[in-house]
Amino acid sequence: MITAHQLRAARALLNIDQRQMADLAALSVPTIQRMEASDGVVRGNVDSLMKLVSALEKAGIELINPGVPSPTGGRGVRLREHVAKPKLKTPRQPGRSS
């Protein structure tokens with residue numbers, strides 16, 4: 001499970017916006033907005049939640065859930081060391097061919 005606070009903190013650690021998060025997770029921007037607007041644990045269909053968590057893990061985010069050994073306990077996020085920067089889709093430039 002992931003909370004809205006964890007999702008926003010993860011985006012901050014990755015230095016990405018909601019659009020970039022949507023691209024990484026193959027979800028729509030409104031879906032990311034709804035997830036971040038959740039009160040507490042993010043709600044959504046299982047497929048969307050799995051895509052989100054998988055994308056965060058691939059980008060180097062570790063979700064810390066309650067009950068995990070920690071000096072003070074609680075939820076959180078951590079950016080793993082030595083993780084490549086997430087690959088984001090680059091916008092196409094008008095007039096350029098690919």
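Residue numbers count from 1 along this sequence. The basis for the numbers below is simple: all heavy atoms, side chains too, and nothing from hydrogens, waters or symmetry mates.
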(Q) Please enumerate all residues that pass side chain to side chain donor-acceptor pair (under 3.5 Å) together with Glu36, with sequence neighbours excluded. (A) Arg11, Gln18
Q | Cluster check Ile2, Leu79: I/L/V/M/F/W/Y, side chain < 4.5 angstrom | A | yes
Q) Closest approach of Ala55 and Ala25, non-hydrogen atoms and distance? A) CB-CA, 3.7 Å
Q: Verify, without hydrogens or angle tests, whether Ser38 (side chain) and Met35 (backbone) share a donor-acceptor contact under 3.5 angstrom.
A: yes
(Q) Restricting to side chain to side chain contact (heavy atoms under 4.5 Å, CB included), what partner residues turn up for Val77, sequence neighbours left out? (A) Gln6, Ala9, Ala10, Leu13, Ile61, Leu63
(Q) For Arg8, give me all partners under side chain to side chain donor-acceptor pair (under 3.5 Å), at least two apart in sequence or on another chain. (A) His5
Q: Show the numbers, then the answer: is there a side-chain contact (heavy atoms from CB on, under 4.5 Å) between Asp23 and Ile16?
A: CA-CA 10 Å; Asp23 286 345; Ile16 61 175; over 6 Å; no
Q | salt bridge (Lys or Arg N to Asp or Glu O under 4.0 Å) partners of Asp39, counting only residues at least two apart | A | none
Q. Could you state the interatomic distance from CG (Leu24) to CG (Leu56), rounded to the nearest 0.5 Å?
A. 8.0 Å
Q: Starting from the C-alpha separation in whole Å, work towards a yes-or-no answer on side-chain contact (heavy atoms from CB on, under 4.5 Å) for Leu52 and Met21.
A: CA-CA 8 Å; Leu52 176 69; Met21 183 71 251; 3.8 Å; yes
Q: Could you pull out all residues at least two apart from Thr31 that satisfy side chain to side chain donor-acceptor pair (under 3.5 Å)?
A: Ser28, Arg34
